[in-house]
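Before any comments, here is the structure.
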There are 2 protein chains.
Amino acid sequence: MNQPVTPAAAALLEAIRFDGAGLVPAIAQQHDSGEVLMLAWMNRDAIAETLATGRVCYFSRGRGRLWRKGEISGQEQRLVEMRLDCDGDTVLLLVDQIGVACHTGRRSCFYRAFRDDALAEIAAPLVDPAALYGAR
Amino acid sequence: MNQPVTPAAAALLEAIRFDGAGLVPAIAQQHDSGEVLMLAWMNRDAIAETLATGRVCYFSRGRGRLWRKGEISGQEQRLVEMRLDCDGDTVLLLVDQIGVACHTGRRSCFYRAFRDDALAEIAAPLVDPAALYGAR
């Protein structure tokens, strides 16, 4: 089932090479700081909805449905600009992240780094995950 | 066939959740400017080699083999730091990109943006692709 799209969005969707499962990886980057926040997946409907609403919507592979980022936690992503790579198989989302991107309460999901021959945690949670998800 | 890895690299590889094809998406970001350059894929051997040599090596899905970035074009990526996301299924590579990342001669592969309801080219080639690939 496809959501209705504007002719402009249809042209963008035409340029995207979705994989065999109808998905494309999407990198979310904080538009002003340049911080890479997370990678998730989008299908056609997720992209159409994101363009239509300005609020980032992914496709959850685990739950098999659209996932409006922040729908439970409140940690939404506002779309600043959608970009596409040279071969059309990856999307870059410049976003304004409300609060934290990571379900662990950290700003970015990439909080583990390989340093001094070990995997180190380089960022601490800014909020308690229980505060994001616990009371529901 | 697995390349030999150090115990430290083995621990990192243990933390990575490769997909059914034995691959993980890897985002390359210029370490100082924060520019997202490209997304490609790595397998176990590509990660082990990258950690061992400090030069970024991907796995080319199209060619079905290891792809040492810049092996033809000379546009290598030096690894500054390898990071891993919360659920271990995406790698973030902080790199120092020699020259341009994109085969079109642009610095970043994400040179198309959805602006004013159209897909616009927001960056021009810095080098002629023929100069990168043509003379071989």
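So you know, we letter chains A, B, ... as the sequences are listed, proteins then strands, and number each from 1. As the structure is a computational prediction, the values presented were derived from the model and not from experiment.
Options A/Met38, A/His103, A/Glu81, A/Glu35 differ in how many heavy-atom pairs under 4.5 Å they form with chain B, and the most are formed by A/Glu81. Here B/Cys86 is the residue among B/Ala8, B/Cys86, B/Ala113 with the most heavy-atom pairs under 4.5 Å with chain A. The most heavy-atom pairs under 4.5 Å with chain A, out of B/Leu119, B/Leu39, B/Thr6, come from B/Leu39.
With a threshold of 4.5 angstrom between heavy atoms, A/Arg106 does not approach chain B through any atom at all. Interface remark: B/Leu94 contributes no atoms to any contact with chain A (heavy atom separation under 4.5 Å). Only the side chain of B/Ile27 comes within contact range of chain A, with heavy atoms under 4.5 Å apart. Contacts between B/Leu84 and chain A at a heavy-atom distance below 4.5 Å involve backbone atoms as well as side-chain atoms.
Taken together through direct or relayed side-chain contacts under 4.5 Å among Ile, Leu, Val, Met, Phe, Trp and Tyr, A/Val5 and A/Ile47 form part of one hydrophobic cluster. At a threshold of 4.5 Å between side-chain heavy atoms, the hydrophobic network of Ile, Leu, Val, Met, Phe, Trp and Tyr places B/Tyr111 and B/Val100 in two separate groups. Residues A/Leu13 and A/Val91 fall within the same hydrophobic cluster, defined by Ile, Leu, Val, Met, Phe, Trp and Tyr side chains chained together at heavy-atom separations under 4.5 Å. A single hydrophobic cluster is seen to contain both B/Leu23 and A/Trp41, as judged by linkage of ILVMFWY side chains at heavy-atom distances under 4.5 Å, directly or through other members. Linking ILVMFWY residues whenever their side-chain heavy atoms come closer than 4.5 Å, directly or via other members, places B/Val56 and B/Leu12 in the same cluster.
Taking CZ from A/Phe110 and CD from B/Gln29, the interatomic distance works out to 9.5 Å, rounded to the nearest 0.5 Å. Here B/Phe114 contributes atom CZ and A/Thr50 contributes atom OG1; the two are 11.5 Å apart, rounded to the nearest 0.5 Å.
Side-chain contact between A/Ile122 and B/Arg83 is present, with heavy atoms from C-beta onward closer than 4.5 Å.
Around the CG atom of B/Asp116, the shell of radius 6.0 Å holds no more than 12 heavy atoms that belong to other residues, nucleotides or ligands.
Side-chain atoms of A/Arg112 come within 3.5 Å of backbone N or O of B/Asp85 as a donor-acceptor pair.
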Legend entry - Verdict with reasoning, A/Arg61 to B/Asp89, per salt bridge (Lys or Arg N to Asp or Glu O under 4.0 Å): CA-CA 13 Å; A/Arg61 295 182 300 172; B/Asp89 65 1; 3.5 Å; yes
